[in-house]
Amino acid sequence: MAGRLVIVGAGQAAFALAAKLRALKDDRPITIIGLEDVLPYQRPPLSKKYLMGEMSFDRLEFRPAEWFVENDVEIRLSTWVEEIDRAGKSVRMQDGSTLSYDKLVLATGATPRTLPAAIGGDLGGVLTVRDKRDADQLKQEMLPGRRLLVIGGGYIGLEAAAVARKLGLDVALIEMTERILQRVAAPETAGIMRDIHLANGVSIREKTGLTRLIGKEGRVSAAELSDGSIIDVDLVIAGIGVAPNDRLARESGLEVGNGIVVDAFTRTSDPDIHAVGDCALLPMNGNSVRLESVQNAVDQAEAAAHVLAGAEKAYEPKPWFWSDQYDVKLQIAGFNLGYDETVLRPGQREGSHSVWYFQQGRFIAVDAINDAKAYVTGKKLLDTGTQPNRDILADHSADLKSLLA
């Protein structure tokens, strides 16, 4: 039996790693260390079905407490690691106690970026969206008729705006760059999603930043925008991205970039320490990327489990993502980094579309808006390394299935 595995973090990647090791019949002692006071749970439904009261929290838990006992996985909640002693192969907890490890996995995730206190970021009613505590606070704050300002036009901001509108709030969204989804999607996808939000009553201002938040009795009451206007608000959600939780890695001397640097086998610069999930900066197609998705958290963690169990098999990311907004499902296969051409294609159903991304003529990703056939087809093409026939893609009357023939 191998020595103790310590997993720092108790999110999707941490649970997937422990579960996969047990599925592989690996019986080494496993300890998971989690900052929150609840068992590992799914995060995506937090800001949607849970927030809207359509799903209870117990349905979000990956497994009940009995699973951890039956599988001999020790889980320590409401605690955290202060320091890694790489030479002594131990971690020091916040209470001063230590825990020795044979292998260590950092599954520390990421933390939402917050607004500076100097511009009102510390006022009451200024929130982020990430964990159960955030969702519980939002449940209390997102009341019908309230005026919400969403800062940031990425997926987090757009999803928050959609839920708020469904809950009956008056929603304004600002994005400081040229357009919403500037960093993650083509103008065609952004335009479609913008129209959907406008049709649902969201006020969107692009090329507009936040100058400061104005408070009254310690709570946000208005926002001054970069165009000089001032709008009254009752609530603010900052959807301005996340920062990888890499403090432990950095302070212990591991190689760190925009996240904890790992190789194709999930190992850090210390071969006895691995990193998985949102905190990991991994190699992909000649680039170093962080993939902030459930899919990557699970797949990379399971790849790490195989490596820990003795298989020297590299992790080859095959990214896919999704975003639910109103009755629209946006599904994404592939990774569009470095695209130089797009093809917009209408779907067979009203309101469905797909955007196909190419880099130097090579197909690299697809966005499918209420178009499951486009998503499934694009994903299969990417998984098999097959290039789509451009004539068929350009023919809007052609059946996408013929791309797989």
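Only heavy atoms go into these numbers, but all of them, side chains included; no hydrogens, no water, no symmetry mates.
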S.K.: With a 3.5 Å distance limit and no angle check, can you tell me whether Ser90 reaches the backbone of Ser100 through a side-chain donor-acceptor pair?
M.R.: no

S.K.: When you measure from the side chain of Arg28 to the backbone of Leu308, do you find a donor-acceptor pair of N or O atoms at a distance under 3.5 Å?
M.R.: yes

S.K.: If you count the non-hydrogen atoms of other residues, nucleotides and ligands that lie under 6.0 Å from NZ in Lys329, is the total more than 12?
M.R.: yes

S.K.: Sub-3.5 Å donor-acceptor pair from the side chain of Asp367 to the main-chain atoms of Ser354, do we have one?
M.R.: no

S.K.: Would the distance check show the side chain of Thr208 and the main-chain N or O of Glu206 forming a donor-acceptor pair, the cut-off being under 3.5 Å?
M.R.: yes

S.K.: Is the number of heavy atoms from other residues, nucleotides or ligands under 6.0 Å of Met93 CE greater than 12?
M.R.: yes

S.K.: Whether the Ser323 and Glu159 side chains hold a donor-acceptor pair (N or O, under 3.5 Å, no angle test) is what I'd like checked.
M.R.: yes

S.K.: Evaluate whether atom CD of Glu54 has more than 12 neighbouring non-hydrogen atoms of other residues, nucleotides or ligands under 6.0 angstrom away.
M.R.: yes

S.K.: Any chance CZ of Arg133 has more than 12 other-residue heavy atoms, nucleotides or ligands included, within less than 6.0 Å?
M.R.: no

S.K.: Indicate yes or no for a side-chain donor-acceptor contact from Tyr339 to the backbone of Gln360 under 3.5 Å, with no hydrogens or angles considered.
M.R.: no

S.K.: Would you call Glu61-Arg59 a salt bridge at under 4.0 Å N-O?
M.R.: no

S.K.: If only atom types and distance count, is the side chain of Thr377 paired as donor or acceptor with the main-chain N or O of Ala374 below 3.5 Å?
M.R.: no

S.K.: Should we say atom CD of Gln387 is surrounded by more than 12 heavy atoms from elsewhere, each under 6.0 Å from it?
M.R.: yes

S.K.: With a 4.0 Å cut-off on N to O distance, would you call Asp26 and Lys20 a salt bridge?
M.R.: no

S.K.: May I ask you to decide whether Glu341 forms a salt bridge with Arg390, counting only side-chain N to carboxylate O separations under 4.0 Å?
M.R.: yes

S.K.: Check whether more than 12 heavy atoms from other residues, nucleotides or ligands sit under 6.0 Å from atom NZ of Lys139, and answer yes or no.
M.R.: yes

S.K.: I'd like to know whether CD of Glu350 has more than 12 heavy-atom contacts from other residues, nucleotides or ligands below 6.0 angstrom.
M.R.: no

S.K.: Is any NZ, NE, NH1 or NH2 atom of the basic residue among Arg146 and Glu141 found under 4.0 Å from an Asp or Glu carboxylate oxygen of the other?
M.R.: yes

S.K.: Less than 3.5 Å apart, any donor N or O on the side chain of Thr108 or Arg247 sitting next to an acceptor on the other?
M.R.: no

S.K.: Please determine if Asp399 and Lys373 form a salt bridge, counting it only when a charged side-chain N lies under 4.0 Å from a carboxylate O.
M.R.: yes

S.K.: Say whether, by atom type as modelled, one donor and one acceptor occur between the side chain of Asn336 and the main chain of Val184 under 3.5 angstrom.
M.R.: yes

S.K.: Atom CD of residue position Glu251 - does it have more than 12 heavy atoms of other residues, nucleotides or ligands inside 6.0 Å?
M.R.: yes

S.K.: Please state whether the rings of Phe57 and Tyr50 are parallel, tilted or perpendicular, taking 30° and 60° as the class boundaries.
M.R.: perpendicular

S.K.: Side chains of Tyr41 and Asp58: donor-acceptor distance under 3.5 Å anywhere?
M.R.: no

S.K.: Which pair of heavy atoms, one from Pro388 and one from Leu403, lies closest together, and at what distance?
M.R.: CB-CD2, 4.0 Å

S.K.: Is any side-chain heavy atom of Leu254 closer than 4.5 Å to one of Val261?
M.R.: no

S.K.: State, without any angle test, whether Thr79 and Gln94 hold a side-chain donor-acceptor pair at a distance under 3.5 Å.
M.R.: yes

S.K.: When you compare the side chains of Arg4 and Thr31, does any donor N or O come within less than 3.5 Å of an acceptor on the partner?
M.R.: yes

S.K.: Between the side chains of Ser78 and Asp37, is a donor N or O closer than 3.5 angstrom to an acceptor N or O?
M.R.: no

S.K.: Rounded at 0.5 Å granularity, tell me how far NE2 in His274 sits from OG1 in Thr266.
M.R.: 5.0 Å

S.K.: Say whether, by atom type as modelled, one donor and one acceptor occur between the side chain of Arg22 and the main chain of Asn71 under 3.5 angstrom.
M.R.: yes

S.K.: May I ask you to say whether Arg267 pairs ionically with Glu312, meaning some side-chain N is under 4.0 Å from a carboxylate O?
M.R.: yes

S.K.: Output yes when a side-chain donor or acceptor of Arg43 lies under 3.5 Å from a complementary backbone atom of Arg130, and no otherwise.
M.R.: yes

S.K.: Which residue pairs pass the ring pair (Phe, Tyr, Trp, His ring centres under 6.0 Å) test with at least one member in residues 147-202, sequence neighbours excluded?
M.R.: His197-Tyr326

S.K.: Let me know which of Ile273, Leu104, Ile32, Val105 forms a side-chain contact (heavy atoms from CB on, under 4.5 Å) with Val8.
M.R.: Leu104

S.K.: Got a donor-acceptor contact below 3.5 angstrom from the Asp85 side chain to the Lys89 backbone?
M.R.: no

